[in-house]
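Note on naming: letters A, B, ... go to the chains in the order of the sequence lines (proteins, then strands), and numbering restarts at 1 for each one.
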Protein chains: 2
Amino acid sequence: MTDKKKLTLKDIAKALNISISTVSRALKEHPDISNDTIKLVKAYAEEHHYVPNLLAVNFRQNKSYNIGLIIPELVHHFFSSVISGVIQTANQHGYNLMICQSNEKLEDEIKVANALFTSRVDGLLISLSNETDRFEHLFQFLEDDIPVVQFDKISDKLAVPSVTVDDFHGAYKAVSHMIQKGHRKIAHIRGRLIVQNASERCKGYEKALEDHGCEQHADWIKVGKDITEEEGYTYAKELMESDNPPNAFFCITDLVALGVMKYLKDHAFKIPEDVMVMGFSNWKMAEFVTPALSSVDQPGFLIGQKATELLLESIKNDESRMAKTVVLPTTLVIRASTG
Amino acid sequence: MTDKKKLTLKDIAKALNISISTVSRALKEHPDISNDTIKLVKAYAEEHHYVPNLLAVNFRQNKSYNIGLIIPELVHHFFSSVISGVIQTANQHGYNLMICQSNEKLEDEIKVANALFTSRVDGLLISLSNETDRFEHLFQFLEDDIPVVQFDKISDKLAVPSVTVDDFHGAYKAVSHMIQKGHRKIAHIRGRLIVQNASERCKGYEKALEDHGCEQHADWIKVGKDITEEEGYTYAKELMESDNPPNAFFCITDLVALGVMKYLKDHAFKIPEDVMVMGFSNWKMAEFVTPALSSVDQPGFLIGQKATELLLESIKNDESRMAKTVVLPTTLVIRASTG
DNA sequence: AAATTTTACGCAAACGGTTGTGCAAACATT
DNA sequence: AATGTTTGCACAACCGTTTGCGTAAAATTT
């Protein structure tokens, strides 16, 4: 291959018969440099397509201009929206993104966190895996003054800024909506409460029932493990075959709701007339299933944006690194499954 | 903030009273260094958590260990699968990924390509935007000996290795399947033919009709512009209201198929009894719509993996940079919409 | 014992920028 | 005219690692 060397400051300096430092300063319009020289240097650089060696710059500045992102799953509508927001914001500020998956496993999370740490990212964004109950792999960043921001799946054991959606009110609005539609016997299929989102949504559900004076039964709350469609199907079956079947389902996520809908359709229950179904997250598919699924929309893109802004701010100044919480609003999207 | 400096080779050298170069070599077990010294250095490095400064290493090697990825859309099931494959493969080989979106616009594609170029990526993966008909922004990489690999949306004007799925046979299999099910009047809703995938799928469709001796009508082929659900709906309406309505639809993508299904359901056509519908891409939602949508599955993860492998190989040795084509097989996924 | 080879390490340059400091010339002030 | 100030640039150190080369000491061969 042709061995074309990239143009360097030294080359320009030699060509114009001035010093390297003058070239460097001229390119950034340093006040010490005369306008004539600035023009001269810039013209030459432009003409010869000078592009600064970022590797050298970053090394000198001891900054990678990389931020790390750890998410449980990449192939996921919500998380890809988040990524999209992160990328846009990061790029706007001259930062690049290094994305890693934890696959919802603590082991993998630790592995990729260490990799990002050795890569010397300037900051870290993370949505914790469901398994995460230790934080040493994240503390090492803080010990090295590398700011961390958590989003969506967060923990209060990690004292860093966080961005979440208002799961509580999202759930509250969703459940209230079904109550107003006349369906007051509402079941809830949720995840384990160690995950903050699950806990908040459940609280919102309970508060709505309470505020509207609806029946509350412990066995109307089912705890999913993997949060799959199958679980939705199974629990729907259990609940609908019980002595006191509900006439509405509030599901922790759209996938579970789909399982519930499948059971209901298989057994000739009419949605929403007989039984209403509400999801959470508003996946793309929610609008395409039949009947279209009502859901609580989480602003993924916005979360990504906001989290990245917080992180970049923390990178700039130390004071921004205190734990603080940004809570973004959810939007109730009403479709056919709740009338 | 506490000003804790990272441990450097110099620190280790000073502590052990040996030279920096010996430390450097010891850590990589250079044959010039005695086993005793290697052990000594490694022990010290381990104990004090030495982590090499990648910024310095990369600068010194003049390698960023970054590869760029340009895709039309991030929030998209297929592309996030691809990304997932790319990330895994890249990380396995010590490379990081810089992801950019073109939003299907040439202008954006050029912008991000330039950004990646200045970032000095070691290689570039790209799936072209639908608008791309110029290639200067990509040629600059080749001129600088930075290898490029294209996938999915490719162009033969770009003489670099490419990875695609077998759109032709995917389409052929899909259409043949419907014919075998007894639906011989098959319409096709496709995209513009300058996009290679659209062209291949259309050819596969035509070949299947021909091989099975089915009617072929030019007006059974509709050309979508944005490839949206609405277009599917519109064309389904047009076709079903025509004098000679088809009894099957082969759609260039699942989204279009959903639009078609919507029209059919709205107008009381039975799927698949009256009219069959076939999509392409096998999006997540295909299995959740009613009736579940048959589709042609594209192995996104595999494409990402393969493309990355080709790229990394090209980075390693110049000879691997010749244009060559890897074609991955598709899988026909039969669901309710085709019986 | 002298000559040769091997072993094990140190020295110093290099990568391409950034930046603090020094200094001559030009200009302004008294 | 002597002094002080500003302007515009050059010098050189520096970031942390890699690597070619040189060389004493040890090991081996004559």
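- Taking each heavy atom of V121(B) and I146(B) in turn, the nearest pair found is O-CG2, 3.7 Å.
- Distance CG (L27(B)) to P (dA8(C)): 17 Å, rounded to an integer number of Å.
- Checked by distance alone, S21(B) brings a side-chain donor or acceptor within 3.5 Å of a matching partner on the base of dC11(C).
- One can place CD of Q61(A) at 17 Å from P of dG16(C), the figure rounded to the nearest angstrom.
- Rounding to whole angstrom units, CG of residue D11(A) and P of dG16(C) are separated by 8 Å.
- Evaluation of atom-type donor-acceptor distances gives no pair under 3.5 Å for the side chain of R25(A) against the base of dG17(C).
- For the pair I12(A) CD1 and dG17(C) C1', the interatomic distance rounds to 12 Å; values are reported in whole Å.
- Between the C1' atom of dG10(C) and the NE2 atom of H30(B) lies a distance of 14 Å, rounded to the nearest Å.
- By the 30° and 60° cut-offs, the orientation of the rings of F135(B) relative to F139(B) is tilted.
- Residue I33(A) contributes atom CD1, which lies 13 Å from atom P of dC11(D) at whole-angstrom precision.
- Screening V148(A), V326(A), I154(A) for a side-chain contact (heavy atoms from CB on, under 4.5 Å) involving S162(A) leaves a single residue, I154(A).
- A straight line from CG of D32(B) to C1' of dT23(D) spans 12 Å, rounded to a whole angstrom.
- No engagement by L55(A) is indicated, since no non-hydrogen atom pair under 4.0 Å with the nucleic acid exists.
- For the pair N17(A) CG and dG8(D) C1', the interatomic distance rounds to 15 Å; values are reported in whole Å.
- At a threshold of 4.5 Å between non-hydrogen side-chain atoms, the residues L7(A) and H49(A) do not count as touching.
- Place T22(B) and R120(B) on DNA chain C by their nearest nucleotides, and T22(B) ends up nearer the 5' end.
- Annotation: E107(B), atom CD; neighbour count of heavy atoms from other residues, nucleotides and ligands within 6.0 Å does not exceed 12.
- Taking both residues in full, the closest heavy atoms of V327(A) and V165(A) are given as CG1-C, 3.9 Å, listed atom of the first, atom of the second, then distance.
- The pair E46(A)-K39(A) fails the salt-bridge criterion, with no side-chain N (NZ, NE, NH1 or NH2) lying under 4.0 Å from an Asp/Glu carboxylate O.
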Would you tabulate the nitrogen or oxygen pairs shorter than 3.5 Å linking the protein to nucleotides 14-17 of chain D?
residue, atom, partner, partner atom, Å
dC14(D), O2, R60(A), NH1, 3.0
dT17(D), OP1, Y50(B), OH, 2.5
dT17(D), OP1, N53(B), N, 3.2
dT17(D), OP2, L9(B), N, 2.7

